[in-house]
Structure formats: structure tokens, C-alpha cells
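Data first, discussion second: the structure below is written as C-alpha cells.
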Amino acid sequence: MSAEEERDGVRLTNLDQPLFAGADATKRDLVDYLDAVADRVLPQLADRPLSVKRVLRGQKPFMQKNVPKYAPSWVETVTVWAETSQREVSYAVCGDRRTLLWFANQRAVEYHPPLVRAGAWGTPTHLVMDIDPPESGGFDVVVRAAHLVRRALDDCGLSGAVKTSGAKGVHVFVPLEARPAADVAAATRALAARAERLDPALATTAFIREDRAGKVFLDSTRAAGATVVAAYSPRIRPGTPVSFPVPWDGLDGVAPSDFTVRNAAALVADRDPWAELMPEPQRLPDDLVAEGHTIPIARVQAMHEGKRRARARRDASS
């Protein structure tokens, strides 16, 4: 089998090279997998400024936002002003097979679209809860916390779909009717707080790691322009696992390592489980939004608390 070939006008090279250390996969495995699931992953990427995580031979993985100057002219781009870096960033918009294959040939393993579409920066399409285990916890505690989030959603008349993150946790997605980003962020904070109150011994919303006391973290900061790895996206982890959709009633019987670039395409077959499991867009309850607006923004609160603790340590040592 040749180490080079062409698909859809894209020259694919070095296909026999290992993808990364511990991947148990070659570059061909990545290309073949993404090509097989293109019809499922592309709807999540289309019309959204895309960040990808690449891993080049002999280098550490890195996140790429700006499209490289050598990108083909047919790669669609959109320019976004980045407040943090005070500069314009030219993102790729990956809406077709050819662009996806080009990214795969660039050894782009992970695909991280934002929760907004290009041209609708202030209107997230989904509310997302990112659920991560404590350092000493396994996937079972993540699943228990995910069911808390589902109960909290049920209690306020909402429903969502869940997928493994491809790492150690899960992502809960709730599709939304149009609502300003500030309201969606507030609702996410309130949802996390309600889930935490259902079992405070299991779950926490504490943003500062040292304050989590070995509990599962309900991360409510994925809002507006934040990115979340797409369903079916591979991850740069041992064995090259894939972020994979799971029915709620099947979540207790799976592990993130069950889904990899080697088997996920066959598990999908001719279906799109993520689209099948995703509810219709829903209206956020006003009381959930109002509650969330009373809860401080986690990152901002953590920044101020970090500064306060640093001052206290300096004062104690002086």
C-alpha cells in the first residue's frame, strides 16, 4: 500500500507514519476514519470558526487557530477579532470533505468548534456542561454526576444529549432557541449549581482545583465563543479515542476507551447517533436565567480569589 495517495483533489502524504507516541494508529488510520465519518462530523463544523489540535512528528501537540499561509485557496476562512490577544485571527471554516481531508493530512487530530456560528457571535446554539472527574476518580463518578445534570435539566423542562469527551469526562449538550450569550452563560451556571445541590458530596462547581475536595467538577464556563471538541472527533490520547455519543440509558455501561479511530466508524455504520440523540432546540426558562445572573462568573471569581490568596501568602511570609 502506497504511503501517498490523492482523494478529492487532496494529496495525502506519509500515511504509514505513526500518528503520535502511544496512538496505536497511523496517519492513514486518522485519514480513513475522518473520511468515513465526514458526513457526521461536518455538520458540527460548518459555518463555525474552527480550532484544531495538531501533532507533528517529534513535536508536542499544539492548538492551531490561525489558518497557515500555505493553506489552499479553497479553504474557507473567517476573520475574528480576539480580545485577549488584541489581534485578528483568520479561522478555517470546515464545511466540506476536501477541507476535512486537508486538515487530516496536516495531522490535525482534534476538532474544536465554538458554540456560535460565524456571523452570529452573540447567539450560542447550545448550552454545554463539561463534566470532569477528580484526579483520583474514574469514569463511574463522572457518569453519576452526568445523571445529576440530567435530573436538573428534567426539573426545569429541558433535555440534552450526552457524549464521551474522548478524554476522561463527558459533555452534555442542550440545543437552544436564540438567546443572548450572557443569558446562556447564566443558565449554564444555574444548571451546574442545581445539579451540585442534588448531591454536594459528589459534585462541585468550584473552579479552583484545590477547592474541589476530590469531587467531580461541573464546568459551567463553556459558553458563547468557547470551543468544545466535536462529537466523533479523535483525541490526542493513548489509543486515539474518539468523542462518542451515547444514549442516556447506556452511559453506565461504557468507558471513553471503548471508542477509537479503529472502531468508531464501524460503530456508527450508516447512522448519525449524535443527530438522532439531540433534542430539538429549546427555550431557556426565565427563572434559570435569572438565577444564573446572581451567580458570579467562575473564571472571574477564581481570578480574584487567586489574587487574594497570593496576597495572604505574601503577608503571612513577611
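Note that the structure is predicted; figures quoted are calculated from it, not measured.
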Residues [X], [Y]: salt bridge by 4.0 Å N-O rule:
{"X": "R28", "Y": "E5", "result": "yes"}
{"X": "E291", "Y": "R194", "result": "yes"}
{"X": "R11", "Y": "D8", "result": "no"}
{"X": "D286", "Y": "R179", "result": "yes"}
{"X": "D29", "Y": "R262", "result": "yes"}
{"X": "D32", "Y": "R7", "result": "yes"}
{"X": "R235", "Y": "E110", "result": "yes"}

Are the side chains of [X] and [Y] in touch, meaning some heavy atoms are under 4.5 Å apart?
{"X": "P241", "Y": "P234", "value": "no"}
{"X": "P134", "Y": "V216", "value": "yes"}
{"X": "V162", "Y": "P245", "value": "no"}
{"X": "V172", "Y": "L153", "value": "yes"}
{"X": "F244", "Y": "L267", "value": "yes"}
{"X": "T204", "Y": "E196", "value": "yes"}
{"X": "T125", "Y": "P175", "value": "no"}
{"X": "R189", "Y": "I297", "value": "yes"}

Do [X] and [Y] sit in one hydrophobic cluster, given that two such residues count as connected whenever their side-chain heavy atoms are within less than 4.5 Å of each other, even indirectly?
{"X": "V242", "Y": "V268", "result": "yes"}
{"X": "V142", "Y": "L198", "result": "yes"}
{"X": "V141", "Y": "W248", "result": "yes"}
{"X": "V174", "Y": "V246", "result": "yes"}
{"X": "V229", "Y": "V116", "result": "no"}

Heavy-atom closest pair, residues [X] and [Y]:
{"X": "G239", "Y": "D24", "value": "CA-CB, 4.4 Å"}
{"X": "A226", "Y": "T221", "value": "CB-O, 4.2 Å"}
{"X": "P279", "Y": "A161", "value": "CD-N, 4.1 Å"}
{"X": "L158", "Y": "L288", "value": "CD1-CD2, 4.1 Å"}
{"X": "F139", "Y": "A255", "value": "CD2-CA, 4.2 Å"}
{"X": "V143", "Y": "L251", "value": "CG2-O, 3.8 Å"}

Counterpart residues, side chain to side chain contact (heavy atoms under 4.5 Å, CB included), relative to [X] (two or more places apart):
{"X": "P72", "result": "W74, V75, W102"}
{"X": "D272", "result": "R40, Y232, W274, A275"}
{"X": "P61", "result": "K53, V55, I236"}

Side chain to side chain donor-acceptor pair (under 3.5 Å) against K163, all qualifying residues, sequence neighbours excluded
H171, S243
Counterpart residues, side chain to side chain donor-acceptor pair (under 3.5 Å), relative to R98 (two or more places apart)
none
Checking side-chain contact (heavy atoms from CB on, under 4.5 Å) for the pair D130/V228: CA distance, chi angles, key distance, verdict?
CA-CA 9 Å; D130 183 3; V228 183; over 6 Å; no
Test item: [X] side-chain N/O and [Y] main-chain N/O as donor-acceptor pair under 3.5 Å:
{"X": "T240", "Y": "A23", "value": "yes"}
{"X": "D132", "Y": "F217", "value": "no"}
{"X": "Q282", "Y": "E177", "value": "no"}
{"X": "K27", "Y": "N105", "value": "yes"}
{"X": "S233", "Y": "Y111", "value": "yes"}
{"X": "T26", "Y": "Q17", "value": "no"}
{"X": "R117", "Y": "R48", "value": "no"}

About how many Å separate [atom2] of [Y] and [atom1] of [X], when rounded to the nearest 0.5 Å?
{"X": "C156", "Y": "R151", "atom1": "SG", "atom2": "CZ", "result": "13.0 Å"}
{"X": "L50", "Y": "T77", "atom1": "CG", "atom2": "OG1", "result": "12.5 Å"}
{"X": "L45", "Y": "T99", "atom1": "CG", "atom2": "OG1", "result": "10.0 Å"}
{"X": "L277", "Y": "F173", "atom1": "CG", "atom2": "CZ", "result": "13.0 Å"}
{"X": "I131", "Y": "S220", "atom1": "CD1", "atom2": "OG", "result": "11.5 Å"}
{"X": "D258", "Y": "T164", "atom1": "CG", "atom2": "OG1", "result": "8.5 Å"}

[X] [atom1]: over 12 foreign heavy atoms closer than 6.0 Å:
{"X": "E135", "atom1": "CD", "answer": "no"}
{"X": "E280", "atom1": "CD", "answer": "no"}
{"X": "R57", "atom1": "CZ", "answer": "no"}

Polar side chain donor-acceptor pair, [X] to [Y], under 3.5 angstrom:
{"X": "Q59", "Y": "R54", "value": "no"}
{"X": "Q106", "Y": "Y70", "value": "yes"}
{"X": "E4", "Y": "T13", "value": "no"}

Steps toward side-chain contact (heavy atoms from CB on, under 4.5 Å) verdict (W121, V80)
CA-CA 10 Å; W121 310 117; V80 180; 3.6 Å; yes
Kindly determine whether T188 and M129 satisfy side-chain contact (heavy atoms from CB on, under 4.5 Å), including the steps that lead there.
CA-CA 7 Å; T188 311; M129 189 70 64; 4.1 Å; yes
How would you list, by chain and number, every residue that makes a ring pair (Phe, Tyr, Trp, His ring centres under 6.0 Å) with H112, sequence neighbours excluded?
none
Set out, in order, the CA-CA distance, both residues' side-chain angles and the distance that settles side-chain contact (heavy atoms from CB on, under 4.5 Å) for V109 and L19, then state yes or no.
CA-CA 9 Å; V109 179; L19 196 53; 4.3 Å; yes
